[in-house]
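Written below as structure tokens is the structure these notes are about.
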Amino acid sequence: MSLPLGALSMDVSELLSRGVAEVIVESELRTRLQSGTPLRLKQGFDPTKPDMHIGHAVGLRKLRAFQELGHQVVLIVGDWTAQIGDPSGRDETRTRLSAAEVRANAETYMEQFFRVVDRQRTEVRWQSEWFGQFTLEHALDLAGRFTLAQMLSHETFRKRYETGAPLTILELMYPMLQAYDSVAIKADVEFGGTDQKFNILAGRELMAQLGMTPQQVFLVPLIPGTDGRKMSKTFNNTVDIRMPPAEMYGRIMSMSDEVLPLYFEVLTDVPMVEVHEMKMAMAAGQVNPRDLKMRLAREIVAQFHDQAAAAAAEAAFVRQFVERELPEDIPNFAIKAPAGIVEVLVAAGLAPSKSEARRLIDGGGVRVDGERVEGYTLTLNPGANVVVQVGRRKFVRVV
RNA sequence: GGGUCGGUACCGAAGUGGCCAAACGGGGCGGUCUGUAAAAUCGCUGGCUUACGCCUUCGCAGGUUCGAAUCCUGCCCGGCCCA
């Protein structure tokens, strides 16, 4: 019994196109996939900032898909490159980390990584296995294989150089080390976000120089955050893999309508035909984007938690934001003596300072049992059992 | 090593002796609206004070002055040019 050829090639097509930014060289990778030999898929990470968001999951889902076709993931812990910090897309030099921090971060990272990727089909390698043995001679040899012009063809480096921002030689070493990793583990394909193109290509370059078959480059798109800008911790527009279900659900609901179809494409298995239908329906105003967003939120929460958690998160969302009722879990805040509303807001963590608390009251953002608070004179008594609310999302029950 | 330019609040960026808690933009937060924690729109955005007001902040440390983010000296950090 043989597989229908049509179905198989469809699979590969989708594998190489859906949620993919660029494959270099696509025809070669296609051939190697069809050869039936298991490929070594390199994915590196620097244990610097271990919090992963769903943007990272786009690539992890791809790794998983390859694994399901029988390929082997090689996860590289960049314990050396972490000391430099990836300069890609960076305007400034990063601060360096201690060995202990690196170890702890690596743990945290892997805990998240293996929520998507199959641990059984993953080989974990630390850079120190090879860089720990490196001598100055090796380092000089490596440095001698790349030119300054090559490095400055990288937009990040060039921009920093041209605008006069600081740029250290150490940072120029980063792509070289990453390239050498590919040599060390004999990578067939290296995965990364589009911001990794330069670094991964450096690996191709180096492998070719050393007479090896150059690795294929598999780039996944960097997805926009909930506000449409680049997803990044600094913009606070991420949906983190470790977020509890309700928060994850809420963050997805808060995203801009325009990014919906893309999220469906890269983060769910909803058939592409359906995704296109959604796009059309939205453009034609035939569907409330909110409903699509709810479906997306359910799909994603279920992926990182489970169906039940997703359903519960949805129910809580509907209750709080659609029906505008109080959320179910309102933390209690006990006071021992009568206290003014301003003090309570600060003590309960609803406002960072008394000045801010007063501003919130002035702006009409503070409610006690649903009644808007006017002025700063309101006093709450112990055992009052009232709900103090700031904005639509922060609640505390004062007891 | 020499010359020169620069370091301002969460970020970017004005301000170059008093009118500066410091323009403007972004972000954040809040209000309104809304079928969404979308969009739109309005407001707020150092701390303490019911309030008058007071206190701390413009790389760091001193100094000049009635008064300094603004002037002077030293130091630290970065860019560029020259070597």
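Between T194(A) and L222(A), the shortest heavy-atom contact is OG1-CG, 3.5 Å.
With a 3.5 Å ceiling on both atom-pair distances, the Watson-Crick or G-U wobble partner of G28(B) is C44(B). Base pairing analysis places U57(B) opposite nothing; no Watson-Crick or G-U wobble pair with both distances below 3.5 Å involves it. Using Watson-Crick or G-U wobble geometry with both donor-acceptor distances under 3.5 Å, U36(B) finds no partner in any strand shown. Using the Watson-Crick or G-U wobble rule with both distances under 3.5 Å, C71(B) pairs with G63(B). Pairing of G1(B), defined by two Watson-Crick or G-U wobble distances under 3.5 Å, is identified with C82(B).
Distance from the side chain of R393(A) is smallest to A37(B) among A37(B), G30(B), G31(B). Distances from the side chain of S256(A) to the nucleotides G30(B), A38(B), U36(B) place A38(B) closest. Side chain of S355(A), nearest nucleotide from G47(B), U32(B), G30(B): G47(B).
Comparing the P positions of G67(B) and G18(B) gives an interatomic distance of 15 Å, to the nearest angstrom. Taking the C1' atoms as reference points, C60(B) lies 31 Å from G53(B), given to the whole Å. Separation of the C1' atoms belonging to G12(B) and G30(B) is 24 Å when rounded to the nearest angstrom. Taking the C1' atoms as reference points, A40(B) lies 10 Å from U34(B), given to the whole Å. With both ends at atom C1', the span from A22(B) to A68(B) equals 13 Å, rounded to whole Å. C82(B) and C24(B) have their P atoms separated by 41 Å, given to the nearest Å. For the C1' atoms, the distance linking U70(B) with G63(B) amounts to 15 Å, nearest Å. Spacing between A69(B) and A23(B) at atom C1', rounded to whole Å, works out to 14 Å.
Each of K293(A) and E356(A) was assigned the nucleotide of RNA chain B with the nearest heavy atom; the assignment lying further toward the 5' end belongs to E356(A). Where P289(A) and K394(A) meet RNA chain B, the nucleotide closest to each residue was compared, and K394(A) sits on the side nearer the 5' end.
A salt bridge links K293(A) with D257(A): the distance from a Lys NZ or Arg NE/NH1/NH2 to an Asp or Glu carboxylate oxygen falls below 4.0 Å. Here E299(A) pairs with R295(A) in a salt bridge; the nearest charged N to carboxylate O distance falls below 4.0 Å.
Proximity of residues 300-309 of chain A to RNA chain B (heavy atom under 4.0 angstrom from any strand atom) is not detected for any residue.
Note: F191(A) and F66(A) meet the aromatic proximity criterion, with ring centroids under 6.0 Å apart.
Rounded to whole Å, atom P of A39(B) lies 8 Å from atom CD of E258(A). Counting to the nearest Å, the C1' atom of A40(B) and the CG atom of D257(A) are 12 Å from each other. Look at CE on M253(A): it is 14 Å from C1' on A39(B), rounded to the nearest Å. Look at CZ on R298(A): it is 14 Å from C1' on U36(B), rounded to the nearest Å. Atom-to-atom, CG of L345(A) to C1' of C29(B) comes out at 14 Å; the value is rounded to the nearest Å. The separation between I252(A) atom CD1 and A38(B) atom C1' is 14 Å, rounded to whole Å. Rounded to a whole Å, the OH atom of Y263(A) is 15 Å from the C1' atom of U36(B). Between the P atom of A39(B) and the CZ atom of F321(A) lies a distance of 15 Å, rounded to the nearest Å.
Of the candidates E190(A), R40(A), E205(A), E190(A) is the only one forming a side-chain hydrogen bond (donor to acceptor under 3.5 Å, both in side chains) with S182(A). Screening H53(A), E247(A), M248(A) for a side-chain contact (heavy atoms from CB on, under 4.5 Å) with V239(A), the sole residue that qualifies is M248(A).
Backbone-only engagement by G364(A) is indicated by non-hydrogen atom pairs under 4.0 Å involving sugar-phosphate atoms exclusively. Looking at heavy-atom distances under 4.0 Å, R359(A) makes contact with sugar-phosphate atoms alone, never a base. When heavy atoms are screened at a 4.0 angstrom cut-off, M294(A) is found touching no nucleic acid atom at all.
With sequence neighbours excluded, no residue forms a salt bridge (Lys or Arg N to Asp or Glu O under 4.0 Å) with D362(A). For R61(A), the side-chain hydrogen bond (donor to acceptor under 3.5 Å, both in side chains) partners are D269(A), Q303(A), not counting sequence neighbours. Applying the ring-ring contact (aromatic ring centres under 6.0 Å, His included) criterion to F134(A), with sequence neighbours excluded, gives F131(A), H138(A), Y180(A). Take Y249(A) and apply the ring-ring contact (aromatic ring centres under 6.0 Å, His included) test, not counting sequence neighbours, and it matches F317(A).
For the pair V318(A) and M294(A), the minimum side-chain heavy-atom distance is below 4.5 Å.
Using a 4.0 Å cut-off, some side-chain N or O of S353(A) falls inside it from OP1 or OP2 of C48(B). OP1 or OP2 of A37(B) sits under 4.0 Å from a side-chain N or O of R392(A). In terms of phosphate contacts, K354(A) brings no side-chain nitrogen or oxygen within less than 4.0 Å of OP1 or OP2 of G47(B). Between S254(A) and A38(B), a side-chain N or O to OP1/OP2 separation shorter than 4.0 Å is absent.
With Y263(A) contributing its side chain and T268(A) its backbone, the two residues share no donor-acceptor pair below 3.5 Å.
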Any protein N or O atoms within reach of nucleotides 50-53 of chain B? Criterion: under 3.5 Å, listing atom names and distances.
{"from": "U50(B)", "atom 1": "OP2", "to": "R358(A)", "atom 2": "NH2", "distance (Å)": "3.3"}

